[in-house]
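Before we start, here is the structure in question, set down as structure tokens.
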Amino acid sequence: MRVGGRLQLFFRPARYEGRLRNAEPHKCGELRWWPLDGLPDDIVPYTAHALAGITRGSTLSTVGWPG
């Protein structure tokens, strides 16, 4: 039995107003907006996988889950 899995949800906002705020500076050095065709090289692999699926029009992707 696998314990400690991760569920990551992605949302596409229709619009955004305001400034990004890093509410966990002890965990994350900075927050930035990135174009999907210009993501940084050190992106988390499961996030890269999900964003690639979104770019292809997929609404669901799974990494590391059986089935």
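Fair warning: this is a prediction, and the values are worked out from it, not measured in the lab.
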Run through H49, Q8, R56 and flag the one making a side-chain contact (heavy atoms from CB on, under 4.5 Å) with S61.
H49
T55 side chain to L51 main-chain N or O, any donor-acceptor pair under 3.5 Å?
yes
Filter on salt bridge (charged side-chain N to carboxylate O under 4.0 Å, His left out), then keep only pairs touching residues 25-52, sequence neighbours left out; what's left?
E24-K27
Membership question, hydrophobic clusters at under 4.5 Å side-chain separation (ILVMFWY): are I43 and I54 in the same one?
yes
Tell me which pairs pass ring-ring contact (aromatic ring centres under 6.0 Å, His included) where either residue lies in residues 20-46, with sequence neighbours left out.
Y16-W33
If every non-hydrogen atom of N22 is compared with every non-hydrogen atom of C28, which pair is closest and at what distance?
ND2-O, 2.6 Å
